[in-house]
Every structure is written in C-alpha cells, then in structure tokens.
Amino acid sequence: MIKTKMTELLGIQYPILMGAMAWITTANLTAAVSNAGGAGVLGAGGRDENWVRQEIRKTKSLTNKPFGINLSLQTTPLRDKLVEVILEEGIDFVTLGAGDPRPFLPRFKEAGIKTVCIVPNTKLAKRMEACGADMLIIEGMESGGRIGNLTTMALMSNVLPEVSLPIAAAGGIVDGRGLAAALIMGADGIQMGSRFLLAKECESHPSNAKAILAASDTDSVTIGWSRGKGLRGLKNPFAEKYLSMETSGVPTDQLGDFVAGCSKRVADLGTGEDGMNGIVQVGESLEPLKKIQSAAEIIQEVTEEAKKLLKKAPQFVSQ
Ligand SMILES: Cc1cc2nc3c(=O)[nH]c(=O)nc-3n(C[C@H](O)[C@H](O)[C@H](O)COP(=O)(O)O)c2cc1C
C-alpha cells in the first residue's frame, strides 16, 4: 500500500490511475487495473450512450473496486446524453478533459461522483480548484495521444505548489522511478497510459503493442500543431504524410479530414500494411516499454520499484 491524498480520495490501494484511452480502455482492462489496486478508467471518447451504459455495467460485474470514466467535454448533443447515462448508472469518479467542466461539476457532485479535471497549466488548475473539482490530473506533453505545450516536469514545478487538491502527474511516467519522482515532487500519484498499452488485458490491435515494443525514444513524433493541439505517437508513413501536408500549408479542414477516424482505425486494425491507417498513439518514454505483462504485474512492479526508491531517498541527505 502507498497512502496519499489521492488513494484516500478514490479509495484505492496504490496511487496509480490508468489513463483513459479512447477506443482502447474497455471494461476488461479497467477492471483489471482496479482489481490490482490502482484505478481503471473507461474511455468514452467517440462512444455512444449504449456503449457507456453497457461498459459501466460490465466493469461493475468484473470488479467491486473503484473505477472511473473519461468524458471529453466538447459541445456535442452526445456529450449531454453521456452525462445523463453516467449519472443514471453511477460510478466512483469521472475524469474530465477537452472542454469546460464547470457546468457539470455540481451535478456529478450531487450524485456522489468524484470529479477529476485534466488540466494543462497553473491558471486552469487554480480555476478548477476554485470551482470545486475534487482532484486534478496534470498531463505533460510527453504523453501519448492529444497533448498540450508544457512538459510533465514543468507542470509539476508550476502547479503543485499552487494547488492543495490531490494531483496525479501524467506524461512520460512508465515505471516506479516515475512514480517515486512524482511523489517526491509533491504529486499525490500518477496516471499512466502508454505502459498499459502493453497490458495483456489491453484490447488494442496486437500490432500496436508490437510496434511499441520495437520502438526507441527517437521514434516519437507529434502531428497536428497547426490545428491547435499536438497528437503524439510513433513515426510512420501516415505521420510523414500528415507533416508534409502541414508544412505545405494544406488547409486545416483538409488536415482534419485526413485524421478523422484514425484513432478507432488503429485501435481496431493497427496501422495497416502501408502504415496509412493512422499513428500508434504512445508517449515519449519508450525505452523502458519492453514487455507485455498483466495489469496486476504492471501495478505490482511499478509500486515495488517506487517503494524501494523512496526508502533509499534519505541516503542522499547528510545531517
Ligand atoms: C492511445 C492513447 C489514447 C488516449 N486517449 C485519451 C482519451 O480518450 N482521453 C484522455 O483524457 N486522455 C487520453 N490519452 C491520454 C492518457 O489518458 C494519459 O494521460 C497519457 O497516456 C499519459 O501519458 P503516457 O502515455 O506517457 O503514460 C490517451 C493516450 C493514449 C496513449
């Protein structure tokens, strides 16, 4: 057990959240992480009401431990329907990103659902604290998937002293060294996405895990900055084509058409023989990602390594 404000708030054994991953984090992986003492998070990105209802129910049938669901808050009619389904079904917590969570916080709170806001800078972190969020995730640009502009180290340096809510650090953290470092920096835990792409229970197409196992740190690339936000994954023909379209000034709506549906395609089918289905979204800390393990083995290895390192820390201090 590692006790922090985050484990107390969420009622979990270890301060590890599984980062939600759209089209990837389903009931099996979510329940496996929660059963192992972390907290699994269903990814509702791109999904409809039926999927959300069914997957919450399925996860509840697989675990009696706390788990959450990630909701993207861009204004769409579907978003409001998903909020209603989550309120009806009940869940331990929601992680909220990609939009303004403020209108939704009171309703989740009334329903006893804890609210965890994903923030990219200090200003928004303070604003979410003032609006009554229960916890924050600070997600640095080392992360796989959609990213902001600040690194995880800069976010920890900037945000942690300014906010007293429990905070999980995310982005480039893949092992016990990262967990120990985050706790020593003053975070209350971590969120990992990439490491769980190598979990046995992960249902992303097997070729994606294979590509991650073979990757080295220089294989990471970001596309999409010209459309406002980067998307990090592995270099491949799709990424090269996108970058050449971006540098040659192709209009943003055409770039949008080019990437539309690529997360689902890659999760379901892999990047394809010609590498043109999309990119394998994964973070920058690629070198340590060298084995497939169960979610329980991942949680155990990360927490044991962190405990060892934390116990060693006092040796650096002379009286
Ligand atoms: C394939 C993939 C899909 C992701 N999808 C989402 C998502 O739907 N919603 C979200 O809030 N974050 C998403 N993320 C970010 C993760 O939840 C997590 O914060 C991130 O992976 C942490 O950095 P790491 O990849 O270095 O562990 C995604 C990340 C990856 C790798």
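In this text, all values refer to a predicted model and were calculated from it rather than measured experimentally. Count residues from 1 along the sequence. Both counts, for ligands and for their atoms, begin at 1 and track the order of listing.
Distance alone, capped at 3.5 Å, places no donor-acceptor pair between the R195 side chain and the D175 backbone. Judged purely by atom type and a 3.5 angstrom limit, K264 has no side-chain atom pairing as donor or acceptor with the backbone of G46. Between the T271 side chain and the I279 main chain, no donor and acceptor come within less than 3.5 Å of each other.
Using a non-hydrogen distance threshold of 4.0 Å, G172 registers as a contact of ligand 1. Residue-ligand proximity: G171 is placed with a non-hydrogen atom under 4.0 Å from ligand 1. Within the structure, the closest approach of S194 to ligand 1 falls below 4.0 Å when heavy atoms are considered.
Inspection of the E142 and S285 side chains reveals no N or O donor paired with an N or O acceptor under 3.5 Å. Under the 3.5 Å distance criterion, with hydrogens and angles disregarded, a donor-acceptor pair is assigned to the side chains of T26 and E203. Side-chain N/O atoms of S226 and E246 include a donor and acceptor closer than 3.5 Å.
Taking the six-membered ring where the residue is Trp, the centroids of F93 and F108 are separated by 6.0 Å or more.
Checking L179, V302, I299, L17 one by one against M192, the side chain to side chain contact (heavy atoms under 4.5 Å, CB included) holds for a single residue, V302.
Remark: among candidates A44, G145, A22, the nearest residue to atom 5 (N) of ligand 1 is A22, based on non-hydrogen atoms. Across the listed options S285, A20, S143, A20 owns the non-hydrogen atom lying nearest to atom 17 (O) of ligand 1.
The shortest N/O to N/O separation between I118 and ligand 1 does not fall below 3.5 Å. Considering backbone and side-chain N/O of E284, none are found under 3.5 Å from N/O of ligand 1. Considering backbone and side-chain N/O of E139, one or more are found under 3.5 Å from N/O of ligand 1.
Regarding atom 2 (C) of ligand 1, its nearest protein heavy-atom neighbour is M21 CG, 3.6 Å. Nearest protein heavy-atom contact of atom 31 (C) of ligand 1 is Q281 O, 3.4 Å. Of all protein heavy atoms, the one lying nearest to atom 21 (O) of ligand 1 is G193 CA, 3.3 Å. Remark: minimum distance from atom 11 (O) of ligand 1 to any protein heavy atom is reached at N70 ND2, 3.2 Å. Looking only at protein heavy atoms, the nearest one to atom 29 (C) of ligand 1 is G144 O, 3.3 Å.
Listed by number with element, the atoms of ligand 1 under 4.0 Å from a non-hydrogen atom of M192 are 27 (O).
Surrounding NZ of K290 are more than 12 heavy atoms belonging to other residues, nucleotides or ligands, all under 6.0 Å away.
Contacts between V41 and ligand 1 below 4.0 angstrom, taking non-hydrogen atoms only, are absent altogether.
The aromatic rings of F238 and F258 lie parallel to each other, their planes meeting at an angle below 30°, with 60° marking the opposite boundary.
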